[in-house]
2 protein chains.
Amino acid sequence: MARASEQAYERIRAEIISGRFPPGHRLIEADLTALCEVSRTPVREALRRIVNEGLAEFSPNQGAQVVDLAAEDLEALYDLRTLIEGYGAARAATRISPAQIAELESLTGLMEALVDGGVDGAPEAAGANSRFHRIILEAAQSPRLLSVASQVIEAPLVLRTLARYSPDERVRSMAHHRELIAAFRAGDSQWAQAVMISHIKAAFTAIRRDIVQPGPG
Amino acid sequence: MARASEQAYERIRAEIISGRFPPGHRLIEADLTALCEVSRTPVREALRRIVNEGLAEFSPNQGAQVVDLAAEDLEALYDLRTLIEGYGAARAATRISPAQIAELESLTGLMEALVDGGVDGAPEAAGANSRFHRIILEAAQSPRLLSVASQVIEAPLVLRTLARYSPDERVRSMAHHRELIAAFRAGDSQWAQAVMISHIKAAFTAIRRDIVQPGPG
DNA sequence: CATTCCATTTTCGTATACAATTACTCTCTA
DNA sequence: TAGAGAGTAATTGTATACGAAAATGGAATG
């Protein structure tokens, strides 16, 4: 089975994103071996991948630990994300297929339903949101973009942005998704880019409200 | 020694960038084990890193092979690079230290000397050029940016852009470097960004002249 | 002569054992 | 009591062996 490392990757990633491995938590290879029920070799491979996607940080001979975004320059991270996802949305506007647009609509409908139903569908909604963004990046038809984007999209997942939104912010976020779809339908790159930038800036504002950034030095 | 994998990484990278491993060349782990004189474990680790930086591509159960940029969408790659390095230059303009500016000057002087001396100092000049760009990205003071940038900077190294430049283009490239330093001295983000964008667009033009892009489909 | 199928070989994926490095704790001393 | 040092435990880094998947080559068949 060529998926021991894949299995390890998904398991560790889930632990981090769910918050069961909190920021700063050390990722000991032996522990992960037990958790994932595979040997250290695929665990190490999964770890490198997770580090590469920005979910963890790595020090030689000291292993990896879950990234602590509160200690990082969140504004720089979100600026980069704005740049990259904005570019992706612009490219996607002239390349996206009707089938992909239909998928975006379906996901948006799902998320709206989860938001309206008072129950806490946060994890599911987060998953749908991730797929929404991923479809756009895939529609941009640039493998390199996909790979680059993962580095600025994965890390913020530990923040569980959607769960922090106020009701108003949730409504706005859904509106952004609807407007993105409209921009794609129109094939308008600038429009799509502008909405995507708004979407990410809005997310950053919600994050910044919650997380106290460390002063310089 | 924690540097068996590091040693393997540097060796394999050098083989690719020098062209001794040409585009499309299969990177067989056993061969690399012999070449690097370390076991397969660190070789595999080095390979994953090289794949991640975009110097090679990977297929499950089939290993890695050196990236063939002629088969890729070069315009998309360079667009991304423009975006990311332009942003880096803008950030660097307000954060770079005098010592870093001095380093940039020193490297530019070295490159100019290599260009003037008729001998083929291409590999050295390429190294100096890489360091020049790296210092700027470091001056931008965003670890994530550094990591993201590597993915769009490393891959084009296989093209050996500098060696393709005409004498005029070389002069222009040096002028860009000098102008970047001036923009940094002025602390002018927009200026630095504009020059960096020009610098990369110029490189792309030289590349596009040489490489025939495959049609869509 | 082209094609398909099977055996062989090559190569990657995983597990495990060992080496090297780092972190920790306890003791001894000022 | 605070600090330094040595010895021990914990953890990562590397090597090697085995298993699984895929590429290859040749023979049989239409």
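Below, chains carry the letters A, B, ... as their sequence lines are ordered, and counting in each starts from 1. Worth knowing before you read on, the calculation uses all heavy atoms, side chains too, and leaves out hydrogens, waters and symmetry mates.
When B/Val38, B/Thr41, B/Val43 are each tested for a side-chain contact (heavy atoms from CB on, under 4.5 Å) with B/Thr33, only one passes: B/Val43.
The side chain of B/Ile28 approaches C/dT11 more closely than any other nucleotide in the set C/dT11, C/dT14, D/dG13.
Atom CD of B/Gln65 and atom P of C/dC12 are 11 Å apart (whole Å). Atoms CZ (B/Arg3) and P (C/dA20) sit 13 Å apart, rounded to a whole Å. Whole-Å rounding puts the B/Arg26 CZ to D/dT24 P distance at 7 Å. Atom CD in B/Glu29 sits roughly 14 Å away from atom C1' in D/dA15 (whole-Å rounding). When rounded to the nearest whole Å, the span between CG of A/Asn61 and P of D/dT12 equals 10 Å. Whole-Å rounding puts the B/Phe58 CZ to C/dC12 C1' distance at 8 Å.
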Residues 90-97 of chain A, side-chain donor-acceptor partners within the protein, below 3.5 Å, at least two apart:
from: A/Arg91; atom 1: NE; to: A/Ala140; atom 2: O; distance (Å): 2.9
from: A/Arg91; atom 1: NH2; to: A/Ala140; atom 2: O; distance (Å): 3.2
from: A/Arg91; atom 1: NH2; to: A/Gln141; atom 2: O; distance (Å): 3.2
from: A/Thr94; atom 1: OG1; to: A/Arg91; atom 2: O; distance (Å): 3.3
from: A/Arg95; atom 1: NH1; to: A/Arg91; atom 2: O; distance (Å): 3.2
from: A/Ser97; atom 1: OG; to: A/Gln100; atom 2: N; distance (Å): 3.1
from: A/Ser97; atom 1: OG; to: A/Gln100; atom 2: OE1; distance (Å): 3.3

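The aromatic rings of A/His133 and A/His177 lie perpendicular to each other, with more than 60° between the two planes, well past the 30° mark. Taking the six-membered ring for Trp and thresholds of 30 and 60 degrees, B/His176 and B/His199 have ring planes more than 60 degrees apart, a perpendicular arrangement.
The stretch residues 31-48 of chain A touches DNA chain D through A/Arg40, A/Arg44, A/Arg48, each having a heavy atom within less than 4.0 Å of the strand.
At C/dA23, one or more side-chain N or O atoms of A/Gln62 fall inside 4.0 Å of OP1 or OP2 (strictly under the cut-off).
Both the sub-6.0 Å distance and the 45° axial angle are not jointly satisfied by B/Arg170 relative to the ring of B/Tyr165.
Between A/Asp79 and A/Lys201 a salt bridge is recorded (basic side-chain N to carboxylate O distance below 4.0 Å).
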